[in-house]
Protein chains: 2
Amino acid sequence: MSAEAGVARAAPYPAAVDPKIEALVNEVIGRVADKWTMIVLDVLAEHGELRFTRLAELSGGISQKMLTQTVRQMERDGLVIRTVHPVIPPKVEYRLTDLGFSLGEAFCGVWLWAADNLERIEASRQAFDQRARDV
Amino acid sequence: MSAEAGVARAAPYPAAVDPKIEALVNEVIGRVADKWTMIVLDVLAEHGELRFTRLAELSGGISQKMLTQTVRQMERDGLVIRTVHPVIPPKVEYRLTDLGFSLGEAFCGVWLWAADNLERIEASRQAFDQRARDV
DNA sequence: CCGTATCCCTGGCGATACTG
DNA sequence: CAGTATCGCCAGGGATACGG
């Protein structure tokens, strides 16, 4: 990195992170920032333990396939606990682990940011599109 | 929602959000949580203002097409400023807006979470895969 | 140097049908 | 009810070539 004299705006970041760690972090974020993962995380955080079908309903338009896939990955990553009740008809319940909850809290900041800045973003888009038309 | 008596684990969330707002927030998050957007955001936060080619180098393996696309979207959303210097050869510089920086800060929590929990996730995955093999 | 335009192909995802 | 298996579409994104 050396002595960079003329950087226009100093970043509020340490800037020096092990690139290997960075790659791993990106991988984890990439996985975790998935659309359905976030929605399922949110639903489980709000509703506590849920059965498969109920979870699907509350997750708004997710297909069975994607729900299974998402929830399996989350289980593998230690974000949810999957409890199978050996009864007929089958009953399977899902709930967040502490790790899952902690991720939810971490994402809370992004959530709030999005909610706070919706209008600003919308305005920016309109201005941009307007400028594009002017050309 | 009515009176749900037996929820196993009360969520630390307000639980009552306007679903329309929620949809919008999801849309914004979906856009913003995109892999390349996050990487570019990170690179610009760390390095300040950058030219196109340099930005591509630092963003590790992004194609020209995706960089252009990503950066355009970010400009449209008001996350970056694009400055064209009318010289030959062309020179275009990108830097974050305040909104862009604030998004970076919001994501910081997720970043830290990922960094903190890498090992735990890795361990969880191995345990899961082991269990799968045992079956 | 900084893009836009075009081709092409992989794989993500929905829909459907079937099992324990 | 809670999955797995299979098919088929088409959009995302890489590679390449060209333009200002």
Peer 1: Using side chain to side chain donor-acceptor pair (under 3.5 Å), reason through A:S59 and A:W36 one step at a time and then give a plain yes or no.
Peer 2: CA-CA 8 Å; A:S59 297; A:W36 290 122; over 6 Å; no
Peer 1: Would you mind telling me which of C:dC7, C:dG14, D:dA2 lies closest to the side-chain atoms of A:M66?
Peer 2: C:dG14
Peer 1: Given C:dC2, D:dA2, D:dG13, identify the nucleotide with an atom nearest to the side chain of B:F52.
Peer 2: C:dC2
Peer 1: Would you indicate, yes or no, if C:dG3 has its OP1 or OP2 atom less than 4.0 angstrom from a side-chain nitrogen or oxygen of B:Y94?
Peer 2: yes
Peer 1: Distance criterion of 3.5 Å, no angle test: do you see the side chain of A:Q64 paired donor-to-acceptor with the base of D:dG3?
Peer 2: yes
Peer 1: Using whole Å, report how far CD1 of B:I62 lies from P of C:dG3.
Peer 2: 13 Å
Peer 1: Where each residue is assigned the nucleotide of DNA chain C containing its nearest heavy atom, which of B:K91 and A:Q69 is assigned the position nearer the 5′ end?
Peer 2: B:K91
Peer 1: Looking for any heavy atom pair under 4.0 Å, which part of the strands does B:R54 touch: base, sugar-phosphate only, or nothing?
Peer 2: nothing
Peer 1: Side chain of A:P90 only, heavy atoms from C-beta on: which candidate in D:dG13, D:dA2, C:dC13 is closest?
Peer 2: D:dA2
Peer 1: A:L67 CG to C:dA15 C1': how many Å, rounded?
Peer 2: 16 Å
Peer 1: Could you check whether any side-chain heavy atom of A:D129 comes within less than 4.5 Å of a side-chain heavy atom of B:R76, counting everything from C-beta outward?
Peer 2: yes
Peer 1: Within this structure, what is the CG-to-C1' distance between A:D34 and C:dC13, rounded to whole angstrom?
Peer 2: 12 Å
Peer 1: How long is the line joining CD1 of B:I88 and P of C:dC2, in whole Å?
Peer 2: 13 Å
Peer 1: Does CD belonging to B:Q130 count more than 12 external heavy atoms closer than 6.0 Å?
Peer 2: yes
Peer 1: In terms of side-chain heavy atoms of A:T68, which of C:dG14, D:dG3, C:dG3 is nearest?
Peer 2: D:dG3
Peer 1: When you measure from the side chain of B:T53, which nucleotide among C:dC1, D:dT6, D:dG13 comes out closest?
Peer 2: C:dC1
Peer 1: Tell me the interatomic distance from B:Q73, atom CD, to D:dG13, atom C1', rounded to whole angstroms.
Peer 2: 13 Å
Peer 1: Which value, rounded to the nearest 0.5 Å, describes the distance between A:T70 atom OG1 and A:I62 atom CD1?
Peer 2: 4.5 Å
Peer 1: A:E93 CD to D:dA2 P: how many Å, rounded?
Peer 2: 9 Å
Peer 1: Can you tell me if B:R72 touches the phosphate of C:dG3, counting only side-chain N or O atoms and a distance under 4.0 Å to OP1 or OP2?
Peer 2: yes
Peer 1: Roughly how many Å is it from NZ in A:K35 to C1' in C:dC13, rounded to a whole number?
Peer 2: 10 Å
Peer 1: Please work out whether the ring planes of A:F107 and B:F107 are parallel, tilted or perpendicular, with thresholds of 30° and 60°.
Peer 2: perpendicular
Peer 1: Of the candidate nucleotides C:dG14, C:dC1, D:dG3, which contains the atom at the shortest distance from the side chain of A:S63?
Peer 2: C:dG14
Peer 1: Looking at D:dC7, C:dC1, D:dC1, which one has an atom nearest to any side-chain atom of A:R51?
Peer 2: D:dC1
Peer 1: May I have the distance from B:K65 (atom NZ) to C:dG3 (atom P), rounded to whole angstrom?
Peer 2: 16 Å
